[in-house]
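Each remark here refers to the structure printed beneath this line.
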Amino acid sequence: MRGEYNYMKMSGSKIILKTLRENNVDTLFGYPGGAVIPLYDALYDEIEYFNHIRPAHEQHMIHAADAYARTTGKVGVAIATSGPGATNTVTGIATAYMDSVPLVVITGQVPNMLLGKDSFQEVDITGMTIPITKHNYLVRKVENLAEVVDEALEVAAEGRPGPVLIDVPKDVFLAETEYKKPEGKRKQKPVEVPSEDLLERAAELINKSKKPVVYAGGGVRISQNDELLQKLVEKNDIPTANSFMGYGTIPREHRLSLGLVGMHGHKETNLAVTESDLIIAIGARFSDRVIGKPDEFAPKAKIIHIDIDGTEIDKNTKDCVPLIGEMKKILEKLVEKVSKNSREDWLKEILSNKIEEPDKSLFVPKNILEKTNEYYSENTIVATDVGQHQMWTGQFWKFKKSNEFVTSGGLGTMGYGLGAAIGAKVGNPKKDVVLITGDGSFKMNSGELLTLARYNLPVRMIMLNNNALGMVRQWQRMFSNSRYSETTNKDYVDNVKLMDAYGIKGYVVKSMKELDKVLEKTRNLEEPIFIECKIDQEESVYPIVPPGRPINELLLNG
Ligand SMILES: Cc1ncc(C[n+]2csc(CCOP(=O)(O)OP(=O)(O)O)c2C)c(N)n1
Ligand SMILES: [Mg+2]
């Protein structure tokens with residue numbers, strides 16, 4: 001009897017879904033197409049189990065899966081078809097790679113027998129994504145599929161996370177084999193911890209330091225060590241700066257929080273780093289946006305560098321004390337070894353460099369963001385696009401926890417925001433999700449309004465409309481003699497009408513009073529809301545460190 005003989009046989013498509021389920025994946029971001037028809041056919045039978053989100057475009061689908069991962073701590077899983085479906089994922093994968101986000105992207109491929117023949121919708125997506133994935137696979141035999149999917153989920157999440165791509169020829173989805181549960185051998189990897197000697201040396205440096213600064217990055221957030229970080233800095237009373245990726249690892253209103261460091265860092269923060277005699281970098285990578293001129297970064301300081309990824313050590317710095325390994329173990333040891341301390345004078349010295357605040361009634365980015373923040377202060381995730389509005393958000397939003405700031409740091413991907421807001425809301429239905437976007441970025445992704453509307457995701461969209469590609473325009477003003485080449489948006493879009501086409505409520509506001517009113521009126525609506533703030537085109541992001549300059553040479557106007 002056929003049934004008996006084939007009893008345990010399953011198609012490749014079913015094996016993929018089964019392996020995802022075995023790993024507790026219940027949310028998929030996907031877009032169908034010819035090469036993945038068999039996978040969607042199998043999904044048709046399991047749509048009760050999987051929450052499948054279909055966006056308008058594969059790029060924004062990857063941003064959604066990415067934000068889902070950033071805000072839930074789970075691996076984001078996405079599906080695209082071969083050819084253009086696969087190439088549309090590339091910007092999203094690169095964005096996730098730069099910010100160490102765990103993703104598994106499953107792409108359909110032409111059947112094995114058509115590979116390498118310039119077949120319809122064939123691209124070498126594994127070749128193309130080698131430099132922007134942590135690992136990738138072309139699975140040519142159905143027998144390997146379960147193992148590969150299982151391993152991919154593990155590789156994406158383990159150690160320093162990152163995106164993994166699995167390319168599956170159509171005939172592999174269709175072929176059948178006996179399903180065997182993967183053994184998951186990788187799961188027993190030993191955990192690395194630095195030697196007691198190095199830990200002692202680091203603790204001694206901290207205890208002897210007069211002007212230490214912690215520089216906490218995304219690694220603290222990813223490894224979920226906010227509490228331990230706070231324990232460490234509270235015990236030894238260490239002022240703590242953040243990179244974009246590390247925002248929220250210490251609440252912005254904590255007395256030791258210095259906020260952002262680097263090109264658009266706060267004045268007091270950049271000066272603190274420059275004056276410091278010891279930088280303790282925790283899960284941060286000393287990106288050029290943070291350090292400015294490498295050989296003049298923190299010129300008086302020794303550096304302790306804590307990271308799970310040994311390749312980060314001395315990549316952008318020299319002669320640090322390296323503490324490589326699992327952050328939780330390292331921080332626990334340091335909390336034990338550092339002395340209880342009070343550094344009131346050092347804190348006072350730092351905070352004396354703060355700059356004056358603008359008048360609260362002015363309709364300027366700082367006040368707009370702080371007012372919005374007042375309405376959305378608890379359990380709120382903030383996603384941004386890329387540009388001035390992103391930097392202002394980083395400077396002025398008072399983040400309380402990590403995993404609340406979703407932004408494209410490393411790649412700086414305009415168009416990231418709306419897809420990201422969608423993914424964040426899908427992963428966190430009970431939290432408020434606010435998107436801060438710019439008029440330029442929004443034109444790159446506004447097709448995803450469709451997705452917001454279709455799934456009725458009550459995301460709040462706040463656009464800071466300066467009718468310009470503001471960040472680039474600011475650079476042209478400051479560093480290119482005000483030669484505004486192609487950065488002023490002369491086109492006019494009626495965004496309220498655009499919202500109307502999708503059935504979304506939209507508002508335009510031009511004063512703090514109007515903004516307050518609209519925020520109040522829409523606060524409790526369970527539907528997407530769009531608020532456009534018409535701001536002055538000349539509004540600029542300050543401080544700014546001119547490219548290639550040390551971070552204490554920041555400009556406060558110009
Ligand atoms: C995909 C992409 N293209 C181009 C850029 C270069 N770029 C960086 S910021 C920016 C302007 C963004 O304009 P907008 O979204 O209106 O934000 P604003 O700076 O005005 O707040 C541009 C063009 C980019 N980062 N990403
Ligand atoms: Mg703009």
Side-chain angles (χ1 to χ4, degrees), residues 57-63 66 87-99 132 244 260 262-264 287-289 363-369 372 382-397 406-421 434-449 461-480 482-493 495 498 508-510 530-545 547:
H57 186 288
E58 289 93 348
Q59 178 186 336
H60 310 296
M61 163 181 95
I62 301 295
H63 296 327
D66 157 317
T87 53
N88 272 353
T89 67
V90 168
T91 301
I93 293 173
T95 303
Y97 183 74
M98 289 293 272
D99 289 344
I132 52 165
F244 253 18
L260 202 60
M263 177 173 275
H264 296 295
S287 103
D288 55 306
R289 286 282 148 137
F363 193 58
V364 293
K366 180 172 196 287
N367 292 338
I368 293 171
L369 287 163
T372 310
V382 181
T384 74
D385 267 296
V386 165
Q388 293 178 310
H389 62 276
Q390 175 194 30
M391 297 302 141
W392 287 318
T393 309
Q395 289 178 328
F396 304 131
W397 199 275
V406 187
T407 197
S408 169
L411 200 66
T413 307
M414 271 176 87
Y416 173 78
L418 188 50
V434 175
L435 166 69
I436 309 290
T437 186
D439 50 312
S441 296
F442 200 66
K443 286 175 189 130
M444 289 198 175
N445 60 23
S446 58
E448 296 302 330
L449 288 168
M461 295 171 274
I462 313 283
M463 176 191 282
L464 299 185
N465 189 353
N466 50 8
N467 264 316
L469 304 178
M471 184 55 100
V472 181
R473 193 175 180 279
Q474 178 178 344
W475 278 51
Q476 288 173 337
R477 192 185 71 247
M478 298 185 73
F479 313 123
S480 273
S482 297
R483 288 158 60 85
Y484 297 128
S485 187
E486 295 293 329
T487 51
T488 310
N489 295 339
K490 297 194 189 84
D491 48 313
Y492 176 74
V493 179
N495 283 306
L498 177 67
V508 178
V509 296
K510 294 177 182 157
F530 175 87
I531 306 173
E532 175 175 354
C533 301
K534 299 261 192 197
I535 62 167
D536 192 310
Q537 198 165 60
E538 300 306 325
E539 283 293 343
S540 296
V541 183
Y542 297 120
I544 179 169
V545 178

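We use all heavy atoms of the structure for the numbers below, so side chains are in, but hydrogens, waters and symmetry mates are not. Throughout, residue positions are numbered sequentially from 1 according to the sequence presented. As the structure lists them, so they are numbered: ligands from 1, and atoms in each ligand from 1.
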>> Looking only at N, O or S atoms, which one in D439 sits nearest to the Mg ion (ligand 2)?
In response: OD1
> Applying a strict 4.0 Å limit to heavy atoms, is G415 in contact with ligand 1?
Replying inline: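 G415: no contact with ligand 1 (<4.0 Å).
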> So which heavy atom on T407 is nearest to which on D385, and how close?
Replying inline: OG1-O, 4.1 Å
> Minimum heavy-atom separation for P365 to I535, with atom names?
Replying inline: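 Scanning both residues completely, I find the closest heavy atoms to be CG-CD1, 4.2 Å.
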[X] N/O to ligand 1 N/O under 3.5 Å:
{"X": "G470", "value": "yes"}
{"X": "Q388", "value": "yes"}
{"X": "G387", "value": "no"}
{"X": "F442", "value": "no"}
{"X": "M471", "value": "yes"}
{"X": "T413", "value": "no"}

[X] (side chain) donor-acceptor with [Y] (main chain) under 3.5 angstrom:
{"X": "Q395", "Y": "Y542", "answer": "yes"}
{"X": "Q537", "Y": "T488", "answer": "no"}
{"X": "H264", "Y": "P543", "answer": "yes"}
{"X": "T95", "Y": "L411", "answer": "no"}

Counting non-hydrogen protein atoms only, what is the nearest one to [atom]? Give residue, atom name and distance.
{"atom": "atom 12 (C) of ligand 1", "result": "V386 O, 3.4 Å"}
{"atom": "atom 17 (O) of ligand 1", "result": "H389 ND1, 3.2 Å"}
{"atom": "atom 13 (O) of ligand 1", "result": "L469 CA, 3.5 Å"}
{"atom": "atom 25 (N) of ligand 1", "result": "G412 O, 2.8 Å"}
{"atom": "atom 5 (C) of ligand 1", "result": "M414 SD, 3.5 Å"}
{"atom": "atom 14 (P) of ligand 1", "result": "G440 N, 3.6 Å"}
{"atom": "atom 8 (C) of ligand 1", "result": "V472 CG2, 4.1 Å"}

>> One pair to check against side-chain hydrogen bond (donor to acceptor under 3.5 Å, both in side chains): E539 and Q388. What are the steps and the verdict?
In response: CA-CA 9 Å; E539 283 293 343; Q388 293 178 310; over 6 Å; no
Would you indicate whether the side-chain heavy atoms of [Y] and [X] approach each other to under 4.5 Å?
{"X": "F244", "Y": "R289", "answer": "no"}
{"X": "M263", "Y": "M391", "answer": "no"}
{"X": "R473", "Y": "N466", "answer": "no"}

> By number and element, which atoms of ligand 1 are closer than 4.0 Å to a non-hydrogen atom of S441?
Replying inline: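 Listed by number with element: 14 (P), 15 (O).
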> Hey, what's the angle at the Mg ion (ligand 2) spanning OD1 (N466) and O (A468), nearest 10 degrees?
Replying inline: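 Taking the Mg ion (ligand 2) as the apex, I get 90° for this pair.
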>> Set out, in order, the CA-CA distance, both residues' side-chain angles and the distance that settles side-chain contact (heavy atoms from CB on, under 4.5 Å) for D66 and Y416, then state yes or no.
In response: CA-CA 10 Å; D66 157 317; Y416 173 78; 2.7 Å; yes
> Mind checking whether the Mg ion (ligand 2) has an N, O or S of N489 under 2.8 Å?
Replying inline: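 No N, O or S atom of N489 is closer than 2.8 Å to the Mg ion (ligand 2), so no.
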> Using a heavy-atom cut-off of under 4.0 Å, does the side chain or the backbone of N466 touch ligand 1, or both, or neither?
Replying inline: side chain
> Any side-chain donor-acceptor pair under 3.5 Å between E532 and N465?
Replying inline: yes
